[in-house]
Amino acid sequence: KLGTGYTIYFNHKYKRQGSLFQGTYKAVAVNQNSHFIHLPYYLHLNPLYLKFPQWKNYEENYGGLASIDWKKAMKFLENYRWSSFLDYIGRNNFPSVTSREFLLEFFGGPQQYKKEIIKWIKDKNQDIEEMQDIILEKND
């Protein structure tokens, strides 16, 4: 009842129709090391879009690709409690929900994982800054 009521409300408010969660559940098996290596970054850095919606948005920001201050990004991630990131860097948030041993062993422990996340953010910022010089179209 609650789901149906919310769907009716949401569809009316946003002038749309249909179910809110259309389509079947999709899952992709991780069969390649490159996919496995990128998954933790993808999962734990996704919340940055809440605070920095322009981050990594290459297509829409041709006029100025947006990099973010890694210190502000880390502060946000360390205070965002709706992610398992805190558990992976050694701060208990949802420790009984996550199984971290394998990934933390791969990265060398919580502190090393945190360093890798910081490095990833800094590298993405550097990529964006380097792209500024080669972009042909700019929205001025």
Side-chain angles (χ1 to χ4, degrees):
K1 238 179 173 180
L2 179 64
T4 302
Y6 182 72
T7 300
I8 292 169
Y9 158 78
F10 189 90
N11 285 343
H12 179 69
K13 181 176 180 176
Y14 294 104
K15 297 177 176 60
R16 61 180 300 278
Q17 55 185 321
S19 65
L20 295 184
F21 306 106
Q22 294 181 11
T24 59
Y25 170 76
K26 296 175 183 150
V28 177
V30 178
N31 296 323
Q32 299 176 15
N33 284 342
S34 61
H35 292 167
F36 167 74
I37 291 168
H38 286 86
L39 275 175
Y41 300 107
Y42 172 77
L43 292 172
H44 288 146
L45 295 178
N46 257 342
L48 289 177
Y49 289 105
L50 297 170
K51 180 80 171 171
F52 310 98
Q54 75 285 1
W55 187 57
K56 292 195 327 183
N57 197 351
Y58 302 122
E59 294 170 6
E60 293 182 18
N61 288 307
Y62 279 17
L65 296 173
S67 61
I68 59 173
D69 181 331
W70 71 269
K71 290 179 185 174
K72 289 180 182 177
M74 286 305 295
K75 183 177 179 181
F76 176 78
L77 290 173
E78 289 174 349
N79 289 297
Y80 184 74
R81 68 173 302 238
W82 304 112
S83 168
S84 61
F85 176 69
L86 295 173
D87 295 308
Y88 281 86
I89 62 169
R91 292 177 46 200
N92 287 341
N93 190 31
F94 297 112
S96 62
V97 176
T98 59
S99 178
R100 301 170 303 283
E101 295 79 22
F102 177 75
L103 190 63
L104 289 177
E105 184 178 324
F106 177 82
F107 280 99
Q111 293 306 314
Q112 188 59 34
Y113 182 67
K114 183 176 178 178
K115 288 178 184 177
E116 289 296 323
I117 290 288
I118 292 169
K119 182 180 180 310
W120 183 273
I121 295 169
K122 287 179 175 180
D123 288 349
K124 287 298 173 193
N125 283 342
Q126 184 176 353
D127 292 347
I128 289 170
E129 289 167 11
E130 289 172 0
M131 285 181 67
Q132 293 288 3
D133 296 333
I134 60 171
I135 294 174
L136 298 176
E137 294 181 26
K138 292 196 176 195
N139 298 330
D140 293 325

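Throughout, numbering of the chain's residues begins at 1 and tracks the sequence.
One distance of note links OH of Y6 with NZ of K13; it measures 7.5 Å at 0.5 Å rounding. Atom CG of residue L48 and atom CD1 of residue I121 lie 5.5 Å apart, to the nearest 0.5 angstrom. To the nearest 0.5 angstrom, Q17 atom CD is 7.5 Å from N11 atom CG. Expressed to the nearest 0.5 Å, how far CD of E116 lies from CD of Q111 amounts to 12.5 Å.
The aromatic rings of H38 and Y41 sit perpendicular to each other, their planes meeting at more than 60°, with 30° as the lower class boundary.
Within the 3.5 Å criterion, the main-chain N or O of S83 finds a donor-acceptor partner in the side chain of N93.
Between K115 and Q112 the shortest side-chain heavy-atom distance falls below 4.5 Å. Contact of the P40 side chain with the L103 side chain is registered, since non-hydrogen atoms from C-beta on lie closer than 4.5 Å. A heavy-atom distance below 4.5 Å is found between the side chains of K114 and M74. Inter-residue side-chain proximity for P47 and L77 is flagged as met; some heavy-atom pair is nearer than 4.5 Å. For the pair R91/F85, no side-chain contact is recorded, criterion being any heavy-atom separation below 4.5 Å from C-beta on. Within the 4.5 Å cutoff, no side-chain heavy atoms of W70 are placed close to those of W120.
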Show which side-chain atoms of residues 28-37 pair as donor or acceptor with protein atoms under 3.5 Å away, not counting sequence neighbours.
none

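Remark: P95 pairs with D87, N92, R100 by the side-chain contact (heavy atoms from CB on, under 4.5 Å) rule, at least two apart or across chains.
Hydrophobic clustering of Ile, Leu, Val, Met, Phe, Trp and Tyr side chains at less than 4.5 Å, counting indirect connections, keeps L43 apart from F76.
With H44 as reference, Y113 is the one residue of Y113, Y88, Y80 to meet the side chain to side chain donor-acceptor pair (under 3.5 Å) rule.
Aromatic pair F102/F106: ring centres not closer than 6.0 Å.
Residues L86 and R81 share a closest heavy-atom pair of CD1-CA, 4.1 Å.
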